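What follows is a short report on a single structure.
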Amino acid sequence: MINIPKGTKDILPQESYKWHYVENIIRELSHVYGLSEIRTPTFEHTELFLRGVGDTTDIVNKEMYTFTDKGDRSITLKPEGTAGVARAYVENGLGSFPQPIKMYYITSVFRYEKPQTGRLREHHQFGVEIFGSDNPLADVEVISIASFFFKKLGIEGLTLKINNIGCKKCRQNYNNALKEYLMGNIEDLCPICKSRINKNPLRILDCKELSCKKVIENAPICTDFLCPECKEHKEKVERGLNSLSIEYVNDPYLVRGLDYYTGTVFEFVSEKIGAQGTVCGGGRYNDLVEEVGGKATPAVGFGLGIERLLLLMETMGVLLKEKEISEVFILPQNDLFQNECLKMVSYLRENKISAENDISGRSFKAQLKYANKIGFKYLIVIGETELDSGIFSLKNMTNGEIIELNKKGLVDFFRR
RNA sequence: GUGGGUAUGGCGCAGUUGGAAGCGCGCAAGAUUGUGGCUCUUGAGGCCGUGGGUUCGAGCCCCACUACUCACCCCA
């Protein structure tokens, strides 16, 4: 028996409807917001992620699925969605279309991690990226998409955390101040953080080690170091969210694990799905396009984990749409009418009505039991009477009611 | 990468101090029924995660490995 690779999941026939439900809402919503779908390859040149995501991040350092292909190229399964979109934006000259370009995607992403609740090696993300607007309104729009999405699914009680980690300039100032402060308290930091001071001091803010937390309590706060532009940007985002009545909390310690973020960062967090509570995370990444080889282009977006979303919906008991079941099951009174059933099923299908018949050679009774177990809503028995009169008895399986209809009447009935 | 927990039919689980592998659900066939649902009968399906050890004898005790799982870390 060969089993499934660690950290991956089958989506089985009896549960795929949940995915359809969520995906349909994503597409509906994206249409309403004027987002167009973009599909980029499952794998990219490794260098894209080294440059885009950043080579000090855990994702790039130890979590990528990287291999050398037969042409001796270093290839990596995408560990996140944004870098590929930025690459496509540059490579296809999307910058020369009217800006901003508003895009969404649903894609698999791959990270070599140790699986636990809400964490897999292959998971799926709904992502939104808006390229070509530096305006806070774009940030607000992106956040409002996520917020509206949760609302549409009936999910309540998420916390929206926001922060602004500054642009290149003010982040540098803050980084220096932070480094200086941390150096002064280096004995109290955990070993991991000690090694992080120079490479990525911001990450230390996120450390959960008790001793580090204590140090962080008195650390300089990044919002105090924002330049006037960033400060204004932050305020405008907040005002925009207020006017849409989107609740949020400022979290000066919110740092994201990808290097490309600049300015606005945010997360939607739940406490109900175990330790991996971030359902959606995103922010602004104004330097990414340039980093990937394009001309400087501001951008903002988010990634939303669909497995975590479903986990959340299930633990919250949010009503999911029911599994899709064919409308009608058609069975012959006896073997002589098998082919008449085939014809009827085919006729209904041609009219876009989902219809099925027995393909296992079961007895009449067994077919009835089967139809009941599967949960067909309607039933038609075809025998001599039906063929002679052209009138078919349509039985409602939930209440037992019977309606008499001819062939066309059946089609109209299901189209109602 | 570091810890903890778990491993018995498709799924959920019992299995006493070591002494003939069981139950519920599901699945399949049949009986009954107004053409299904309720009820009844029958059946299929297990190398008890793998490999060692202790013992007359191991699902149970010991060791190793593997897988799954939860948490750290990190992230969606």
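Proteins come first, then strands; the chains are lettered A, B, ... in the order of their sequence lines, and each starts at number 1. Small disclaimer: the values here were computed from a predicted structure and weren't measured.
The side chain of A:C280 lies closest to B:A76 when the candidates are B:C73, B:A76, B:A29. Distance from the side chain of A:T278 is smallest to B:C75 among B:C75, B:C73, B:A28. Here the nucleotide nearest the side chain of A:Q276, chosen from B:A29, B:C75, B:G37, is B:C75. The side chain of A:D58 approaches B:C73 more closely than any other nucleotide in the set B:C73, B:A31, B:A29.
A donor and an acceptor atom, one from each side chain of A:T82 and A:E129, are located under 3.5 Å apart. The closest side-chain donor-acceptor pair between A:T107 and A:K78 falls under 3.5 angstrom. With 3.5 Å as the limit, one finds a donor-acceptor pair spanning the side chains of A:Y260 and A:E80. Side-chain atoms of A:D287 and A:T262 form no donor-acceptor pair, as typed in the model, at a separation below 3.5 Å.
Across all strands shown, A:T398 has heavy atoms under 4.0 Å from base atoms, whether or not it also approaches the sugar-phosphate. The residue A:K365 sits close to a base: some heavy atom pair falls under 4.0 Å. Counting any heavy atom pair closer than 4.0 Å across all strands shown, A:G118 reaches a base atom. Residue A:V381 is classed as a base contact, given a heavy-atom separation below 4.0 Å to a base. Contact annotation for A:E63: backbone-only contact, meaning every heavy-atom pair under 4.0 Å involves sugar-phosphate atoms and none involves a base. Counting non-hydrogen atoms under 4.0 angstrom, A:L120 reaches a base of the nucleic acid. Contacts of A:L331 with the nucleic acid, taken as non-hydrogen atoms under 4.0 Å apart, are absent. Base engagement by A:K114 is indicated by at least one non-hydrogen atom pair under 4.0 Å involving a base atom. A:L311 comes within 4.0 angstrom of no nucleic acid atom, judged by non-hydrogen atoms across all strands.
One finds a side-chain N or O of A:T117 lying less than 4.0 angstrom from the OP1 or OP2 phosphate oxygen of B:C70. Taking side-chain N and O atoms only, A:K373 has no distance below 4.0 Å to OP1 or OP2 of B:G36. Applying the 4.0 Å criterion to OP1 and OP2 of B:C38, one finds that A:K369 has every side-chain N and O outside that range. Residue A:Q116 places at least one side-chain N or O under 4.0 Å from the OP1 or OP2 atom of B:C72.
In this structure, B:G10 and B:C25 make a Watson-Crick or G-U wobble pair, each of the two defining distances being under 3.5 angstrom. If you check B:U54 for Watson-Crick or wobble pairing at under 3.5 angstrom, you find it has no partner at all. Pairing for B:C65 is with B:G49, a Watson-Crick or G-U wobble pair whose two hydrogen-bonding atom distances lie under 3.5 Å.
Around atom CD of A:Q99, more than 12 heavy atoms belonging to other residues, nucleotides or ligands sit under 6.0 Å away.
Taking atom P in both B:U16 and B:G59, the straight-line distance is 12 Å, to the nearest Å.
Ring orientation note: the planes of A:W19 and A:H124 are nearly perpendicular, at an angle over 60° on the 30°/60° scale.
Taking atom CD on A:Q367 and atom C1' on B:G30, their separation rounds to 16 Å, with Å as the unit. Between the C1' atom of B:A71 and the CZ atom of A:R119 lies a distance of 9 Å, rounded to the nearest Å. Per the geometry, NZ belonging to A:K272 stands 22 Å off P belonging to B:A76, to the nearest Å. Here the P atom of nucleotide B:G37 and the CG atom of A:L368 are 9 Å apart, to the nearest Å.
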